[in-house]
Amino acid sequence: MASILVLNGSSRARGFTAAMIRSFAQGARQAGNTVQVLDLRTLDIHCCVGCLHGGADPAHPCTQRDDMARVYAAYRACDVVVLATPLFFWSYSGLLKNAFDRLWALAECQPDELHGNGRSGALLVAAGGSHPAQLLAHFDYLMLRMGWKNLGSAVLLHTDDLDASAVTDVPQARELGASIA
């Protein structure tokens, strides 16, 4: 059984990314895993200032004090990190990128709490069109550089042609969740 943290980088509470997360969580829970979803749009997370002074206080890895403390606590308790995002300009949403940048403070802890540590990662992407290749390639590279096992991705394409309220299940996301053991 794995403890899964989903970082929801969508600014929409009931959009396609949320539908993917619901399906993923259903599959993951049916496989015996626990799932915690952090909706980043509801948190006050400041931008990383690149100070490279994190890690000095393990109780507060970053020098800034904001809701990132909730993300650090959830990250420390998980085995798997799922990045969930709409495709924005062929990349992650700003909400997700901002929170992930702030995780760097954990790399500055002694020992490094960010890289490796037996973690795994997965990616959920809702794309208005059909061009997520650049983001998928970046995610693969991110997993390599983080030293995390890449559990794969689920992509919902052509969301511009869909009604979000009609999307009640995303089988690819549910199957990805169910594959995590």
Side-chain angles (χ1 to χ4, degrees), residues 2-13 15-18 20-21 24-25 28 35-55 57-58 60-109 111-127 132-156 173 176-177 180:
S3 175
I4 301 170
L5 169 62
V6 179
L7 296 176
N8 179 3
S10 177
S11 57
R12 295 183 185 174
F16 297 106
T17 304
M20 294 187 77
I21 292 169
F24 174 87
V35 180
Q36 178 182 7
V37 178
L38 288 180
D39 293 316
L40 299 175
R41 75 181 170 284
T42 66
L43 302 178
D44 177 27
I45 299 176
H46 306 153
C47 294
C48 179
V49 295
C51 68
L52 299 176
H53 292 117
D57 179 1
H60 301 284
C62 184
T63 59
Q64 299 186 67
R65 299 293 181 262
D66 57 14
D67 288 342
M68 194 63 193
R70 291 182 55 198
V71 178
Y72 294 133
Y75 171 85
R76 285 174 162 157
C78 79
D79 306 303
V80 177
V81 178
V82 177
L83 305 180
T85 185
L87 185 67
F88 281 9
F89 289 95
W90 306 279
S91 191
Y92 307 96
S93 71
L95 287 170
L96 183 58
K97 179 72 169 82
N98 186 47
F100 208 81
D101 285 349
R102 290 284 304 283
L103 284 176
W104 184 257
L106 293 171
E108 297 174 312
C109 290
D112 180 343
E113 294 183 48
L114 186 61
H115 297 88
N117 299 314
R119 284 206 172 67
S120 301
L123 177 66
L124 302 175
V125 180
Q134 184 172 337
L135 176 56
L136 297 173
H138 180 271
F139 179 76
D140 290 344
Y141 184 71
L142 178 66
M143 292 299 97
L144 176 70
R145 298 298 301 163
M146 295 298 289
W148 296 356
K149 180 179 179 186
N150 187 340
L151 299 176
S153 60
V155 180
L156 180 62
L176 179 60
I180 298 173

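For the single chain, residues carry numbers from 1 onward in sequence order.
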Note, L142 side chain near L144 side chain (heavy atom, < 4.5 Å): no

Taking every non-hydrogen atom, the tightest pair across A77 and S3: O-OG, 3.2 Å

Residue pair E108, L52: steps toward the side chain to side chain contact (heavy atoms under 4.5 Å, CB included) verdict: CA-CA 8 Å; E108 297 174 312; L52 299 176; 3.4 Å; yes

Within-4.5 Å side-chain heavy-atom neighbours: F100 and T85: no

Side-chain touch L114/M146, heavy atoms, less than 4.5 angstrom: yes

Nearest non-hydrogen partners of V155 and P132, listed with the distance: CG1-CG, 3.9 Å

Distance-minimising heavy-atom pair for A18 and A13: CB-O, 3.4 Å

Closest heavy-atom pair and its distance - L96, G9: CB-CA, 4.0 Å

R70 atom CZ, neighbour heavy-atom count above 12 within 6.0 Å: no

Smallest separation among heavy atoms of H46 and R65, with atom names: CE1-O, 4.0 Å

Min side-chain heavy-atom separation R76-P61 under 4.5 Å: yes

Y141/R145 under side chain to side chain contact (heavy atoms under 4.5 Å, CB included): CA gap, chis, key distance, verdict: CA-CA 6 Å; Y141 184 71; R145 298 298 301 163; 3.4 Å; yes

Which atom of A107 lies closest to which atom of D112, heavy atoms considered: CA-OD1, 3.3 Å

Close side-chain approach of C78 to V81, heavy-atom, < 4.5 Å: yes

Evaluation steps, side chain to side chain contact (heavy atoms under 4.5 Å, CB included), between R119 and D79: CA-CA 5 Å; R119 284 206 172 67; D79 306 303; 6.0 Å; no

N150 (side chain) donor-acceptor with G152 (main chain) under 3.5 angstrom: yes

H115 and W104 aromatic centres sub-6.0 Å: yes

Min side-chain heavy-atom separation V82-L7 under 4.5 Å: no

Short side-chain to backbone donor-acceptor contact, D67 and D44, under 3.5 Å: yes

S10 side chain to R12 backbone, donor-acceptor under 3.5 Å: yes

Backbone of G94 reached by a side-chain donor or acceptor of N98 within 3.5 Å: no

Sidechain-backbone polar pair: T17 side chain, A84 backbone, donor-acceptor under 3.5 Å: no

From CG (L103) to SG (C62), nearest 0.5 Å: 10.0 Å

Point-to-point distance, once rounded to the nearest 0.5 Å, from CG of L87 to CG of L156: 11.5 Å

Main-chain N/O of L136 paired to H138 side chain as donor or acceptor, under 3.5 Å: no

4.5 Å side-chain heavy-atom contact, L40 and I45: yes

From Q64 atom CD to C48 atom SG, the distance as rounded to the nearest 0.5 Å: 7.0 Å

Side chain proximity check, V125 to Y92, heavy atoms < 4.5 angstrom: no

Point-to-point distance, once rounded to the nearest 0.5 Å, from CG of L124 to CG of L176: 6.5 Å

Stepwise side chain to side chain contact (heavy atoms under 4.5 Å, CB included) check, V71 with R102: CA-CA 9 Å; V71 178; R102 290 284 304 283; over 6 Å; no

Enclosure of Q36 CD (heavy-atom neighbours >12, cutoff 6.0 Å): yes

Test of ring centre spacing under 6.0 Å for H60 and Y72: no

Euclidean distance, N8 CG relative to D39 CG, rounded to 0.5 Å: 4.5 Å

Atom pair CG (D140) and OG (S153), whose distance is rounded to the nearest 0.5 Å: 7.0 Å

